[in-house]
Amino acid sequence: MTPVCLVSSDCESGASGKVAVAVDYVKAIYRSGGTPLVAAPAFGCADPARVAREMLSYARGLLLTGGDDIDPRLYGETHPHPKIAAINPVRDEFEMALAVAALELDIPILGICRGAQVLNVAAGGGLIQDIPGCVDGAHAHRISAPRWHPTHRVRLAHDSTLFRIFSKEVIWVNSFHHQAVGPVAPGFAVTAVADDGVVEAIERLDSRFVVGVQWHPEGLAERDPQSLSLFNEFVNAVRGV
Ligand code: MN
């Protein structure tokens, strides 16, 4: 059997709303030899945590995908920053349940953009609600460019899974975010930072594979073999569970 990876999805409320996942995530898992299973949020379920655990019993890995901002109440903020536009409580609740359950099981997790932030919040960390408004001297991180085009550098920590995959200290990444990890959850380490100090990746210490990246490797993967190899390593870790 190929390694099955649960893929979290976005959703809209309302009768004709849709459950959706960008195809690049699914393609990257297939190209790495895995089988993606798209996880619909637990609409109207009294116990989303039970649904999350049940879905994870069919998979050996979890991919947390990109999307809108997480409700700042979930990481202890007293008010939403003016730059927070859209909040999706159904998606928030279900992805938190998936992340908590996967962390408990210590199965491989790859969090991408919002997914890295979900991972950090689920593990007890917080977020910077708006980089331009909250980080002095930050460079641009929400940049209109093709998904496959890298726009800024990040520096990788030497003793990290990412360094093992990329085998270099500095890589170029794309950037489509206005929030970032901070403070980092207990048991996690920062393993990539941008030139302005913004956190670009976190990893859980002493886990087989728990990695969150702020950039979008699934967008780079078509043209950059090393970005695809991040998915290869994730799927390999899933195979090993
Ligand atoms: Mn960035």
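Both ligands and their constituent atoms are indexed starting at 1 by order of listing. Being a predicted model, the structure only gives us computed values, none of them experimental. All residue numbers in this chain count up from 1 along the given sequence.
Using cut-offs of 30° and 60° for the angle between ring planes, the His152 and His141 rings count as perpendicular. Taking the six-membered ring where tryptophan is involved, the planes of Trp215 and Phe166 are perpendicular, since the angle between them exceeds 60° and thus also 30°.
With contacts defined as side-chain heavy-atom distances shorter than 4.5 Å, the pair Gln129/Lys83 does not qualify.
The salt bridge (Lys or Arg N to Asp or Glu O under 4.0 Å) analysis of residues 225-236, with sequence neighbours excluded, yields the pairs Arg164-Glu233.
Residues satisfying the side chain to side chain donor-acceptor pair (under 3.5 Å) test with His158, not counting sequence neighbours, are Glu169.
Within a radius of less than 2.8 Å around the Mn ion (ligand 1), the protein N, O or S atoms are His141 ND1, His152 NE2, Ser175 OG, His177 NE2, Glu200 OE2.
Other residues sharing the hydrophobic cluster of Phe43, ordered by chain and number and joined by side-chain separations under 4.5 Å: Val19, Val90.
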